[in-house]
Amino acid sequence: MNFLSNLFSKANIRLRLLIFLVLTSISSIPVMLLGYWVQQTAVEKEIMAVEEKHLIIAQNLSNAFDRYAIDTKAVFAHISLNIDMIEKLKNVDMLLDSMGISDLCTVDNLDRISAALNKLEPCGFSLDKEKITKLRAKVESYPDKVSISRLRRLDNRPVFFLAQRINADRFAVGTLETSYIRKIQKSIAFGKKGHSMVVDASGRVIAHPNARWEASSKDASKLSVVQKMIRGETGVSTFYSPPMKADMIAGHTTVPDVGWGVMVPQPYSELIEQAGDVRWAAFFVTIFGLFFATLLAWLAARALSNPITRVSETARAIARGDTKVRVTNISRYTAREVRDLANSFNLMVGQLRASHEDLERHRDNLGQLVDERTIELLQQKRNLDITLASIGDAVITTDSDYHIAYLNPVAEKLTGWSLQQANGLALEEVLTFLDVNNGEPMMILPTGHNQANKQPYDSVLKRADGSTIDVQKTVAKIEDDDNSVIGMVIVIRDVTVTRNLSRKLSYEAAHDPLTGLVNRRAFEEKVAEAIVLASSDQSIHSLFYIDLDRFKIVNDSCGHAAGDELLCNVTKLIKLNMRKADTLARLGGDEFGMLLSECPLQKALGIAENIRQLIEDCEFAYKDQVFKIGASIGVIEIDHRAESLKEVFSAADSACYLAKEHGRNRVETINIDNQNPSDE
């Protein structure tokens, strides 16, 4: 009997262990999978958020540097093309300093370098023959554009060389400091090691938080992300950063035209740290779940094995012939099992109660996790609000129905709408954009109602009070994890100052500062267009070459101020005989050019005679002196036979020379084919 009891007891232990292992495995695997999924999801969300943020920051930096490069070229071109009259230009030093341009010099065809602002002083830098040859080659390749070199070292400091052709014998060269680029780069910092980096088109470092890399213009072209920027790619990449000694994730793009690379990297480890709270919470939940699952498995194993043991013991007692035996009358061990069976309902209720208590504890733990996650999300929202409030651009977001959801302080100031006023209004009620060229209203979402890209658009913003400002806007979609559009983000930048400066520089580059007429360069472009039209549609145009007679007498007798006043008076007289379609230009000194659109030769000769007569009849009085002047006018016809700009101007100059040779103050014309004189 003792032997059988011991054997039965051992079998009982094995059954309990088997049940315990099965239940533990079944309950533990889902708990561990849930904990792992929570950790991975937290890290993936951090990576997705940072990819979009870093790419937007990189593109905004690229836009700023692109505008800076355009403005710098415009300023340098304006000063270079007017370098012979530089003393008449206003605020040249201040304009150059504002763009970071220093040491403006000229190089002649003998490779001699001289200072442009003070010709008595030498140039602030020296260039060897090889560098001058390379600069001249660039200038000749792009004669009408400003060339910006790759990053160079000059006197142990990083600079760019600017070059612009002045004429066939000279070109202007200057140095562009990197201070503006470094200043913008240093303004981008986030996290512990998040930063921005700017390289030139060859991969040399222009601006970087590592002072040694920046000071030495480190060649970073071997970095994979820098190679992508050199190829002009835009996107998000991962790479290993030697100065940071960490794996990085970076949004990167390229500045158009100049080829500078811009990237915004952040260590991967910081993303893991940001997701650390969720990972630790998931870890502790997993440990608690495993412990709880083990405890439940052990209790369940006991609950399942003990009734079987006790029923077996009762059955054995009955088998021995003790019919009176009942579960309650056997030994205390058997009696307990019988009581458990007899009170199965109560036990079931007790188990249900225990399960309910377990669920309550589990719900409390879950509520605590939700509260912690809510606090974390609120903190992230506060950080996001602080970030949006601190950036210099206006940021506006909408919901999925394109109703206003948020305006940062810059957007409130720029649009004239407060967040309280605009919240919930349709996007079109708050924002009105006008076309830069014709003032017509523009669509806010240029690529369709449900689509938007991240390309900047130049436009004019109509504010709440009806006033307008020049802006540059960028529209991007906000998508959820399923790539469904849940709103839009619109970034608006005030570019009033830079756009006005650009317009002013463009106007000054094409007009004579004394008379306000177009200058020779702009006039040559108009004549070239007329030559093309004459060849394509058989139209006929006429060109005047006007040289004032006795102008030198006025200059010599009364000074340049009198000569300038006379030129302005003559300009007004000539305009009296101009049509709206005609173009009048000052070609230099006392010489004027006039292009008559859709005007045959005979009609042009009559107009030229009227202009000559007006000038002859005009008496120019200056102080106590009175002068009679005249005009020698050369007239040519531009038709399909005109082949080149040089040929046309040569013919007009020959006709004017013929007028002077025949006694001055007269109108002469020649045939453009053979440049033979024709009767007036």
A.B. asks: Do His252 and Ser237 pair up side chain to side chain, a donor and an acceptor below 3.5 Å, judged on atom types alone?
C.D. replies: yes
A.B. asks: Has the side chain of Asp200 got a donor or acceptor atom that lies under 3.5 Å from a matching backbone atom of Leu151?
C.D. replies: yes
A.B. asks: Return yes if some donor-acceptor pair links the side-chain N/O of Tyr180 with the main-chain N/O of Ser98 below 3.5 Å, else return no.
C.D. replies: no
A.B. asks: Once you round to the nearest 0.5 Å, how far does CG of Leu81 lie from CZ of Arg165?
C.D. replies: 10.0 Å
A.B. asks: What's the shortest heavy-atom distance between Phe160 and Ser149, and which atoms?
C.D. replies: CD2-O, 3.1 Å
A.B. asks: Quick check on Lys186: does its NZ atom have over 12 non-hydrogen neighbours (other residues, nucleotides or ligands) under 6.0 Å away?
C.D. replies: yes
A.B. asks: Determine the minimum heavy-atom distance between Ile404 and Leu407, stating which atoms define it.
C.D. replies: CG2-CD1, 3.1 Å
A.B. asks: Between the side chain of Arg67 and the main-chain N/O of Ser62, is any donor-acceptor distance below 3.5 Å?
C.D. replies: no
A.B. asks: Is it the case that more than 12 heavy atoms not belonging to Tyr240 sit under 6.0 Å from its OH atom?
C.D. replies: yes
A.B. asks: Between Thr468 (side chain only) and Val460 (backbone N and O only), is there a donor and an acceptor less than 3.5 Å apart?
C.D. replies: no
A.B. asks: Walk me through it: do Leu162 and Val173 pass the test side chain to side chain contact (heavy atoms under 4.5 Å, CB included)?
C.D. replies: CA-CA 5 Å; Leu162 302 171; Val173 62; over 6 Å; no
A.B. asks: With no hydrogens and no angle check, do the side chains of Thr175 and Ser102 hold a donor and an acceptor under 3.5 Å apart?
C.D. replies: yes
A.B. asks: Working to the nearest 0.5 angstrom, can you tell me the gap between Ser202 OG and Arg150 CZ?
C.D. replies: 5.0 Å
A.B. asks: Hey, are the side chains of Phe171 and Lys138 touching, using non-hydrogen atoms and a 4.5 Å cut-off?
C.D. replies: no
A.B. asks: Going by distance alone, is a donor N or O of one side chain under 3.5 Å from an acceptor N or O of the other, for Gln266 and His54?
C.D. replies: yes
A.B. asks: Under 4.5 Å between any side-chain heavy atoms of Val410 and Val395, yes or no?
C.D. replies: no
A.B. asks: For Val255 and Val258, run side chain to side chain contact (heavy atoms under 4.5 Å, CB included): C-alpha distance rounded to whole Å, both residues' side-chain angles, the deciding distance at 0.1 Å, then the answer.
C.D. replies: CA-CA 6 Å; Val255 180; Val258 294; 3.6 Å; yes
A.B. asks: Could you tell me if Ser147 and Gln164 have a donor-acceptor pair between their side chains, going purely by distance under 3.5 Å?
C.D. replies: no
A.B. asks: Distance check, rounded to the nearest 0.5 Å: Ser400 atom OG versus Ile486 atom CD1?
C.D. replies: 8.0 Å
A.B. asks: List the atom of Pro267, the atom of Gly194, and the distance in Å for their closest heavy-atom pair.
C.D. replies: CD-N, 4.3 Å
A.B. asks: Taking atom CZ of Arg212 as the centre, report whether more than 12 heavy atoms of other residues, nucleotides or ligands fall under 6.0 Å from it.
C.D. replies: no
A.B. asks: Is the closest side-chain heavy-atom distance between Thr432 and Leu461 below 4.5 Å?
C.D. replies: no
A.B. asks: Output a table of donor-acceptor pairs, distance under 3.5 Å, between side-chain atoms of residues 417-424 and any protein atom two or more places apart or on a different chain; print 'none' if there are none.
C.D. replies:
{"residue": "Trp417", "atom": "NE1", "partner": "Val430", "partner atom": "O", "Å": "3.4"}
{"residue": "Ser418", "atom": "OG", "partner": "Gln421", "partner atom": "N", "Å": "3.1"}
{"residue": "Ser418", "atom": "OG", "partner": "Gln421", "partner atom": "OE1", "Å": "3.3"}
{"residue": "Gln421", "atom": "OE1", "partner": "Ser418", "partner atom": "N", "Å": "3.1"}

A.B. asks: Can you list everything that forms a side chain to side chain contact (heavy atoms under 4.5 Å, CB included) with Glu524? Sequence neighbours excluded, please.
C.D. replies: Arg520, Leu645, Phe649
A.B. asks: Within 45° of the ring axis of Phe433 and under 6.0 Å from its six-membered ring centre, is that where the NZ or CZ of Lys473 lies?
C.D. replies: yes
A.B. asks: With a 4.5 Å cut-off on side-chain heavy atoms, are Leu427 and Ile490 touching?
C.D. replies: yes
A.B. asks: Are Lys193 and Asp247 ion-paired here, with the side-chain N under 4.0 Å from a carboxylate O?
C.D. replies: no
A.B. asks: Would you check if the side chain of Asn63 reaches a backbone N or O of Gln59 as a donor-acceptor pair within less than 3.5 Å?
C.D. replies: yes
A.B. asks: Side chain of Ser221, backbone of Gly203: donor and acceptor closer than 3.5 Å?
C.D. replies: no
A.B. asks: Can you see which heavy atom on Phe239 is nearest to which on Pro265, and at what distance?
C.D. replies: CZ-CB, 4.1 Å
A.B. asks: Do Tyr406 and Thr398 touch side chain to side chain, with heavy atoms closer than 4.5 Å?
C.D. replies: no
A.B. asks: Could you measure the distance from the CD1 atom of Ile396 to the CG atom of Asn408? Nearest 0.5 Å is fine.
C.D. replies: 8.0 Å
A.B. asks: Taking atom OG1 of Thr253 and atom CE of Met229, what is their separation to the nearest 0.5 Å?
C.D. replies: 9.5 Å
A.B. asks: For the side chain of Glu177 and the backbone of Gly100, is there at least one donor-acceptor N/O pair under 3.5 Å apart?
C.D. replies: no
A.B. asks: Looking at Arg493 and Asp393, is there a salt bridge between them, counting it only when a charged N and a carboxylate O are closer than 4.0 Å?
C.D. replies: yes
A.B. asks: Tell me, do Phe523 and Thr583 make a side-chain contact under 4.5 Å, heavy atoms counted?
C.D. replies: yes
A.B. asks: Evaluate side chain to side chain donor-acceptor pair (under 3.5 Å) for Glu479 paired with Ser484, printing each intermediate quantity in order.
C.D. replies: CA-CA 5 Å; Glu479 299 177 341; Ser484 299; over 6 Å; no
A.B. asks: Could you go through Asp144 and Arg521, starting from their C-alpha distance and side-chain angles, then the distance that decides it, and tell me whether this counts as side chain to side chain contact (heavy atoms under 4.5 Å, CB included)?
C.D. replies: CA-CA 11 Å; Asp144 296 328; Arg521 180 182 175 186; 4.2 Å; yes
A.B. asks: Locate the shortest heavy-atom distance separating Met488 from Tyr402; write the atom from each residue and the value.
C.D. replies: CG-CE2, 3.3 Å
A.B. asks: Measure from the side-chain N and O atoms of Glu214 to the backbone N and O of His208, and report whether any donor-acceptor pair falls under 3.5 Å.
C.D. replies: yes
A.B. asks: Taking side chain as C-beta onward, heavy atoms only, is Lys73 less than 4.5 Å from Ile148?
C.D. replies: yes
A.B. asks: Can you see which heavy atom on Trp213 is nearest to which on Ala220, and at what distance?
C.D. replies: CZ3-CB, 4.1 Å
A.B. asks: Show your reasoning for whether side chain to side chain contact (heavy atoms under 4.5 Å, CB included) applies to Asn210 and Val205.
C.D. replies: CA-CA 10 Å; Asn210 186 297; Val205 174; over 6 Å; no
A.B. asks: Return yes if a side-chain donor-acceptor contact under 3.5 Å exists between Ser217 and Arg153, otherwise no.
C.D. replies: yes
A.B. asks: Would you confirm whether Ser141, through its side chain, and Ala137, through its main-chain N or O, come within 3.5 Å as a donor-acceptor pair?
C.D. replies: yes
A.B. asks: What distance do Leu61 atom CG and Ile181 atom CD1 have between them, rounded to the nearest 0.5 Å?
C.D. replies: 11.0 Å
A.B. asks: Are any non-hydrogen side-chain atoms of Leu96 and Ile79 less than 4.5 angstrom apart?
C.D. replies: yes
A.B. asks: Considering residues, nucleotides and ligands other than Asp465, do more than 12 of their heavy atoms fall under 6.0 Å from its CG?
C.D. replies: yes
A.B. asks: Could you name each residue pair satisfying ring pair (Phe, Tyr, Trp, His ring centres under 6.0 Å) that touches residues 458-483, not counting sequence neighbours?
C.D. replies: none
